[in-house]
Amino acid sequence: MCSLPPELLAEIFQYCSTYNADAPLLLGSVSRQFREVAHSHPSVWHKLRLRLGFGTELAQIQKAGLWFKNCGACPLNVLMNITNTCPPTSDEEWFAHNYPFLVAFLRKNMHSIHALTLQSDTELKAHHLLDAITASSPLSSTEHEALQLHSLHIQITTDIPPMPSGWSPVFESFSLFPQLDSLKLINHILPGLTPPNILHLQNLSIVRPLTAPPLPSLKILRMISSAPSLTHLDIDSRISGEPLPDLNSHAELPALKSLSLRINNLPSILKLLASASLEKLRLTDLDGRRPRAGEQLGSVMENLTRELRTKEGDLCGLNFLKSLEIAGIHGVESTSAHWDWCIRHLPRLESLTLNNLGCINIVKALTETPDPLDSRVGFYCPMLSHVSLSGVDALLLLQDLKMKRPSLRVEWDGGAPIMHQSGRDHPRTVLSYTAGGYGFASLFDHERRNVENVWMKKGVSLSDEDSSW
């Protein structure tokens with residue numbers, strides 16, 4: 001390690017600090033060389049973690065001061081954990097009263113904070129903290145710089161209480177960051193956000209546990225419709241099944257490129273949120289075992305490929321979709337006309353992942369051409385480079401697909417545990433077929449190996465990533 005150039009060591013240190021915010025201190029204590037490299041490269045200090053309630057306020061200020069000094073002009077990502085603090089329930093300025101010097105320090109350096117992550121046991125504490133560190137001072141000459149926060153993540157550790165379906169609390173803290181382009185709320189009450197506050201929002205993630213009260217569909221639509229610049233949307237929550245006032249309502253998201261939904265009532269919500277500009281679509285149905293769940297979703301997908309239009313009004317469908325991943329759907333008919341139509345009308349698809357979907361028509365369509373009489377015409381989904389399927393019935397189909405399209409990277413997940421002669425349950429076996437030939441990990445190599453009869457000591461089963469192969 002000592003023979004490596006300082007620039008390469010700095011890259012390694014920066015990578016380490018991505019996973020452990022305190023890595024600069026730990027690595028700097030190894031040797032004089034490591035300390036010099038860490039303190040001479042600002043990018044190593046791009047993440048600061050503060051845990052209030054552990055140690056004194058002076059220790060927190062000294063640690064923060066070291067990070068702000070060494071990061072220089074690099075944008076800083078600050079993570080603050082305040083779950084161990086116990087503020088008075090009626091005092092809105094509890095943070096400023098209990099940590100006055102830390103508040104003053106963070107206010108002064110707020111312009112250097114690019115991303116802020118808060119972990120709190122209540123929403124009230126988290127937003128009181130935001131109000132304290134962003135409060136403007138009459139003597140401050142850089143008040144405009146204190147509003148440059150671009151990313152805000154808030155994680156609440158306690159359960160969300162039941163509340164009226166139409167109630168959306170207004171947190172004034174969100175109005176303090178007009179340049180906010182990324183917002184992630186984990187186990188957080190869905191707030192009422194108005195267009196001026198999220199005008200520049202590009203990434204929105206809403207994550208709630210299954211035990212939390214379901215989100216009303218109308219509240220989601222109102223919030224998303226207030227963010228015209230939204231490009232990435234991720235919703236992981238239960239959704240209430242109450243009908244919308246207007247069944248034809250649709251969220252206008254002309255810039256949306258990535259949509260990830262892990263919800264119930266998936267077909268109806270997908271119909272409301274899908275956009276012709278989508279490039280990545282990830283769907284997980286929390287209620288996918290209901291009767292005809294796969295057919296309902298397939299019908300919506302077919303309609304999207306037929307009806308979606310661009311903001312100019314041109315019929316586009318899902319022509320820009322590059323990645324499609326579907327999970328949680330069970331019992332799809334093997335010859336579903338909806339899914340067959342859908343897969344034949346995704347001209348730019350590059351990656352396809354289906355978990356236990358069961359529709360063999362999808363894989364068969366990938367081995368066919370639009371014009372069987374003309375050998376010069378390519379296959380459906382001509383840009384496809386990766387296919388991943390799970391389920392026992394998928395292996396033979398994937399082998400046929402690999403033989404006809406050898407350039408594809410094909411993966412199969414058997415799903416069920418393998419029963420070896422030892423009687424133990426082993427993890428699922430994953431096979432990965434690479435680009436043709438007769439070498440390691442090729443189709444020939446996988447057929448030669450009898451994976452189900454492989455014995456490994458200590459109950460460890462083999463996969464393609466195992467270097468011992």
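Since the structure is predicted, the reported quantities are computational estimates derived from the model, not experimental observations.
- At distances below 3.5 Å, at least one donor-acceptor pair connects side-chain atoms of E57 with backbone N or O atoms of F101.
- Looking only at distances, a side-chain donor or acceptor of S385 sits under 3.5 Å from a matching main-chain atom of E350.
- Taking both residues in full, the closest heavy atoms of P24 and A38 are given as O-CB, 4.4 Å, listed atom of the first, atom of the second, then distance.
- Distance alone, capped at 3.5 Å, places no donor-acceptor pair between the N203 side chain and the S205 backbone.
- Between the OG atom of S258 and the CG atom of D234 there is a distance of 8.0 Å, given to the nearest 0.5 Å.
- The CG atom of L261 sits 11.0 Å away from atom CZ of R282, with the distance rounded to the nearest 0.5 Å.
- In terms of heavy atoms, Q296 sits closest to P291 at NE2-O, 4.1 Å.
- Remark: the backbone N or O of K69 is not paired with any side-chain donor or acceptor of W45 at under 3.5 angstrom.
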Would S275 and K257 count as a side-chain contact (heavy atoms from CB on, under 4.5 Å) here? Give the steps. CA-CA 8 Å; S275 171; K257 295 184 179 299; over 6 Å; no
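- At distances below 3.5 Å, at least one donor-acceptor pair connects side-chain atoms of S277 with backbone N or O atoms of L256.
- Two residues are said to be in side-chain contact when any heavy atoms from C-beta on lie closer than 4.5 Å; I326 and T353 fail this criterion.
- No side-chain donor-acceptor contact under 3.5 Å links S225 to the backbone of R222.
- A heavy-atom distance below 4.5 Å is found between the side chains of I220 and I235.
- Under the side chain to side chain donor-acceptor pair (under 3.5 Å) test applied with S351, the options E325, K322, H386 reduce to a single match, H386.
- Formation of a donor-acceptor pair under 3.5 Å by the R107 side chain with backbone atoms of A132 is found in this model.
- Side-chain contact between L233 and I224 is present, with at least one heavy-atom pair separated by less than 4.5 Å.
- The side-chain heavy atoms of N187 and T158, taken from C-beta on, include no pair separated by under 4.5 Å.
- More than 12 heavy atoms of other residues, nucleotides or ligands sit less than 6.0 Å from atom NZ of K63.
- The closest donor-acceptor contact from the side chain of T305 to the backbone of E302 lies under 3.5 Å.
- Counting only heavy atoms from C-beta outward, the side chains of L281 and M301 approach each other to under 4.5 Å.
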Determine, step by step, whether N20 and C16 satisfy the side-chain contact (heavy atoms from CB on, under 4.5 Å) criterion, reporting the C-alpha distance in whole Å, the side-chain angles of both residues, the deciding distance to 0.1 Å, and the verdict. CA-CA 6 Å; N20 186 346; C16 294; over 6 Å; no
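- Rounding to the nearest 0.5 Å gives a distance of 8.5 Å between CG of L352 and OG of S323.
- Between the side chains of D181 and H150, a donor-acceptor pair is found at a separation under 3.5 Å.
- Taking all atoms of both residues into account, the shortest heavy-atom contact from N98 to P100 is C-CD, 3.4 Å.
- I239 has its side chain within reach of S217: a pair of non-hydrogen atoms, C-beta onward, lies under 4.5 Å apart.
- Remark: the backbone N or O of K125 is paired with a side-chain donor or acceptor of T122 at under 3.5 angstrom.
- Inter-residue side-chain proximity for R409 and S388 is flagged as unmet; no heavy-atom pair is nearer than 4.5 Å.
- Between R208 and D236 there is no salt bridge, since none of the side-chain N atoms of the basic residue sits less than 4.0 Å from a carboxylate O of the acidic one.
- Side-chain contact check for L79 versus Q119: every heavy-atom pair is 4.5 Å or farther apart.
- Evaluated for a side-chain contact (heavy atoms from CB on, under 4.5 Å) with L116, the options L76, N77, L130 yield exactly one hit, L130.
- Residues H153 and H188 place their aromatic rings such that the two centres sit no closer than 6.0 Å.
- At least one donor-acceptor pair under 3.5 Å links the side chain of Q60 to the backbone N or O of F54.
- In terms of heavy-atom proximity, G72 sits nearest to P42 at N-CB, 4.4 Å.
- Pairing each heavy atom of A21 with each of R49, the nearest pair is CB-CB, 3.8 Å.
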Determine, stepwise, if the pair L321 / L324 fulfils side-chain contact (heavy atoms from CB on, under 4.5 Å). CA-CA 7 Å; L321 193 66; L324 176 61; 4.2 Å; yes
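- To the nearest 0.5 Å, atoms OG (S182) and CG (L201) are separated by 7.0 Å.
- The salt bridge (Lys or Arg N to Asp or Glu O under 4.0 Å) test with D285 is passed by exactly one of R292, R290, R262: R290.
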Could you go through the side-chain contact (heavy atoms from CB on, under 4.5 Å) check for L66 and L25 one step at a time? CA-CA 10 Å; L66 179 64; L25 290 180; 3.6 Å; yes
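- Closest of all the heavy-atom pairs between P6 and V37 is O-CG1, 3.7 Å.
- Atom-to-atom distance recorded for L185:CG and L152:CG is 7.5 Å, nearest 0.5 angstrom.
- Of the inter-residue distances, the one linking I329 atom CD1 with L283 atom CG reads 8.0 Å to the nearest 0.5 angstrom.
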